[in-house]
Protein chains: 2
Amino acid sequence: MKTESLSNRVSKTSSASTTLADNVFNQIRTAIVKGELIPGSKVNEPQLSRQYGISRGPLREAIRRLEGCKLVEITPHIGANVISLNRSQTIEIYEIREALESLACRLAAEKSTPKDCHKLRELLTAHEKQIQSENGQLYYQKEGDLDFHYLIIQLSGNARLFTILCEELYHLLRLYRVQTSSKPSRPERAFHEHHQIVDAIENKDAELAALLMRRHISNARKTLINQLDIE
Amino acid sequence: MKTESLSNRVSKTSSASTTLADNVFNQIRTAIVKGELIPGSKVNEPQLSRQYGISRGPLREAIRRLEGCKLVEITPHIGANVISLNRSQTIEIYEIREALESLACRLAAEKSTPKDCHKLRELLTAHEKQIQSENGQLYYQKEGDLDFHYLIIQLSGNARLFTILCEELYHLLRLYRVQTSSKPSRPERAFHEHHQIVDAIENKDAELAALLMRRHISNARKTLINQLDIE
DNA sequence: GCACTCGATATTGTCAACAATAAGTCCGTA
DNA sequence: TACGGACTTATTGTTGACAATATCGAGTGC
């Protein structure tokens, strides 16, 4: 209440939630994903409770939710630390993504209506225009890539799949990008792959769609590994 | 402290944890998975805090962890309810299992040492003896099936994969079995499939291992669907 | 008899204080 | 100077009380 000072407005997301715990959960989560809370650092309860102007009760509930999302690690009697992903852990996540998004793509191809396909096409052409007007490099950085993947996962119709990918793994990957300040840079290639994937979905070729998505993410993984090897 | 009466000992798991919240989290989780807390029912905080002899603070943290495992659903200002899986939600989980365990199997085939393969063989032969001595039907019910899958996931070496499958999805499936009191009944067929999988892993044929595992779980899914259609 | 409102009760959300554990500091000794 | 131990401080764990919201039931009007 009193110390609304400088760092209180960490993010704009959902300032008016129904409960303080959920509210501050969202705020801290975006703070972590944006890199404002640096990976590996300690999550100090008294400090955060002052910062957000709430008591430690709901704050601890929020931290427990963050633990569930695997964004912090809690050690009993010591406290929580913001997760820090190393090289192999990131590769692990990409392996899982490969399997799950391949599945999502197959399901999407099976279930998608012409209207859905139209939305996918629209998304791609919108991104294409953006690329042309902004000289290409911003496709990934503006997360147009993620938009595309989000939509396919939604089209899969598997709600739990959406939760695992979009509510858990993607946040972790976003964190990693901030952590290593890595700029994914293979826009035109990825863009071509995206078009192939939509083609397969439109043709209702589920197996091909799954294969293409798997290869798409596998390529991203290999790019990441090479990038890590260089550094 | 005072009301240790009848329903206090809900489970035997981990009575001496380091913190009350973690302790009661484990207890409630097993209670849910065992069906002692029936799916869909309300999670009453005052009642549970009396039952476990703790205050509502750590209890609420435990509930938030359960929310993270997707074992309860929390509605603001209303409370938590034990999750209840319907038919389609269960199929969703099986779809995810199919993708993830297929991945696990491929990784296991790539990384497994001869010693690992030996352990797998031992597990299978041990189960085989058990089947012969107990007339078959108990293989699944004693969770020998899960032992097998657990071991392969461990051999995959992907820690996050292990977490997602063994710490989250499996608990949900176990809950569903209790909920519908369904007894998986295709022991000899599944057993044959298990043997094939180990063969592939031993031969370092990662693609085949992945394929077989995917089919193995796909069969289980189809069996489940048929079973549900009958009822 | 039915629907609606209002009040009583129970449950959830939040807080501030206390207890227990860990971390840091200062001091003495070898 | 380096090491170890007691003391101090800070942080986490836990509790009970209070506030806010939702649920249930009785009573009233139609």
Side-chain angles (χ1 to χ4, degrees), chain A residues 1-4 7-8 10 13-29 31-32 37-68 71-83, chain B residues 1-4 7-8 10 14-29 31-32 37-38 40-68 71-83:
Chain A
M1 281 293 193
K2 40 204 161 189
T3 55
E4 296 249 349
S7 47
N8 199 352
V10 180
T13 355
S14 70
S15 285
S17 176
T18 45
T19 119
L20 291 185
D22 292 343
N23 195 356
V24 85
F25 163 78
N26 283 316
Q27 294 196 28
I28 297 180
R29 183 174 64 173
I32 292 177
L37 263 57
I38 50 183
S41 68
K42 183 152 177 47
V43 177
N44 189 304
E45 292 183 11
Q47 179 203 324
L48 284 179
S49 79
R50 280 193 302 272
Q51 184 171 333
Y52 291 105
I54 63 171
S55 82
R56 283 177 50 226
L59 176 64
R60 284 172 66 88
E61 291 183 30
I63 294 175
R64 276 270 142 79
R65 284 194 64 187
L66 292 169
E67 183 192 22
L71 283 171
V72 304
E73 269 176 350
I74 299 180
T75 313
H77 298 287
I78 289 180
N81 290 284
V82 180
I83 206 77
Chain B
M1 282 296 193
K2 39 204 162 190
T3 55
E4 296 248 351
S7 46
N8 199 354
V10 179
S14 70
S15 285
S17 177
T18 45
T19 117
L20 291 185
D22 292 343
N23 195 357
V24 84
F25 162 77
N26 283 316
Q27 294 196 25
I28 298 180
R29 182 174 65 173
I32 291 177
L37 262 58
I38 50 182
S41 68
K42 182 153 179 43
V43 177
N44 190 304
E45 292 183 12
Q47 179 204 323
L48 284 179
S49 78
R50 280 192 304 271
Q51 185 171 332
Y52 291 106
I54 63 172
S55 81
R56 282 177 51 225
L59 176 65
R60 283 173 66 89
E61 291 183 30
I63 293 175
R64 276 269 142 78
R65 284 195 64 187
L66 292 169
E67 184 191 23
L71 284 170
V72 305
E73 268 175 351
I74 299 180
T75 314
H77 298 288
I78 290 181
N81 290 285
V82 180
I83 206 76

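Just so it is clear, the structure is predicted and the values come from calculations on it, not from any experiment. Letters A, B, ... mirror the listed sequences (proteins, then strands); counts begin at 1.
Salt bridge annotation for A/Glu67-A/Arg64: present, with a cationic side-chain nitrogen under 4.0 angstrom from a carboxylate oxygen.
Not counting sequence neighbours, the partners of B/Arg65 by the side-chain hydrogen bond (donor to acceptor under 3.5 Å, both in side chains) test are B/Asp22.
Here the options are B/Val82, B/Val72, B/Val43, the test is side chain to side chain contact (heavy atoms under 4.5 Å, CB included), and the partner is B/Leu66; only B/Val72 passes.
Here chain B contacts DNA chain C (any atom closer than 4.0 Å to a heavy atom, that is under 4.0 Å), and the contacts span C/dT11 to C/dT14 from 5' to 3'.
If you check D/dT23, D/dT12, D/dT14 against the side chain of B/Leu20, the one that comes closest is D/dT14. Side chain of B/Ile54, nearest nucleotide from D/dG13, D/dA22, D/dT15: D/dT15.
Rounded to an integer number of Å, the gap from B/Glu61 CD to D/dT14 C1' is 9 Å. Rounded to an integer number of Å, the gap from A/Arg64 CZ to D/dG13 P is 7 Å. Remark: C1' of D/dT14 and CG of B/Leu59 are 12 Å apart, rounded to the nearest angstrom. Rounded to whole Å, atom P of D/dT12 lies 10 Å from atom CG of A/Asn81. Taking atom CD1 of A/Ile74 as the reference point, atom P of D/dT11 lies 17 Å away to the nearest angstrom. In this structure, the CZ atom of B/Arg56 is 14 Å from the P atom of D/dC18, given to the nearest Å. Distance B/Arg50 CZ to D/dG16 P: 13 Å, rounded to the nearest Å.
Proximity of B/Tyr52 to B/Asn23: side-chain heavy atoms (C-beta onward) are nowhere separated by under 4.5 Å.
For the pair B/Thr19 and D/dT14, the criterion of a side-chain N or O lying under 4.0 Å from OP1 or OP2 is met. Contact check, A/Lys42 against D/dT12: a side-chain N or O comes under 4.0 Å of OP1 or OP2.
No more than 12 heavy-atom neighbours from other residues, nucleotides or ligands sit within 6.0 angstrom of CD on A/Glu73.
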Steps toward side chain to side chain contact (heavy atoms under 4.5 Å, CB included) verdict (B/Ile32, B/Ile83): CA-CA 9 Å; B/Ile32 291 177; B/Ile83 206 76; 5.7 Å; no

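Nearest-nucleotide positions on DNA chain C place A/Gly57 closer to the 5' end than the other of A/Gly57 and A/Pro76.
Within the nucleic acid shown, B/Pro58 comes within 4.0 Å of at least one base atom, counting heavy atoms only.
Considering CG of A/Leu48 and CG of A/Leu37, their distance stands at 6.5 Å, rounded to 0.5 Å.
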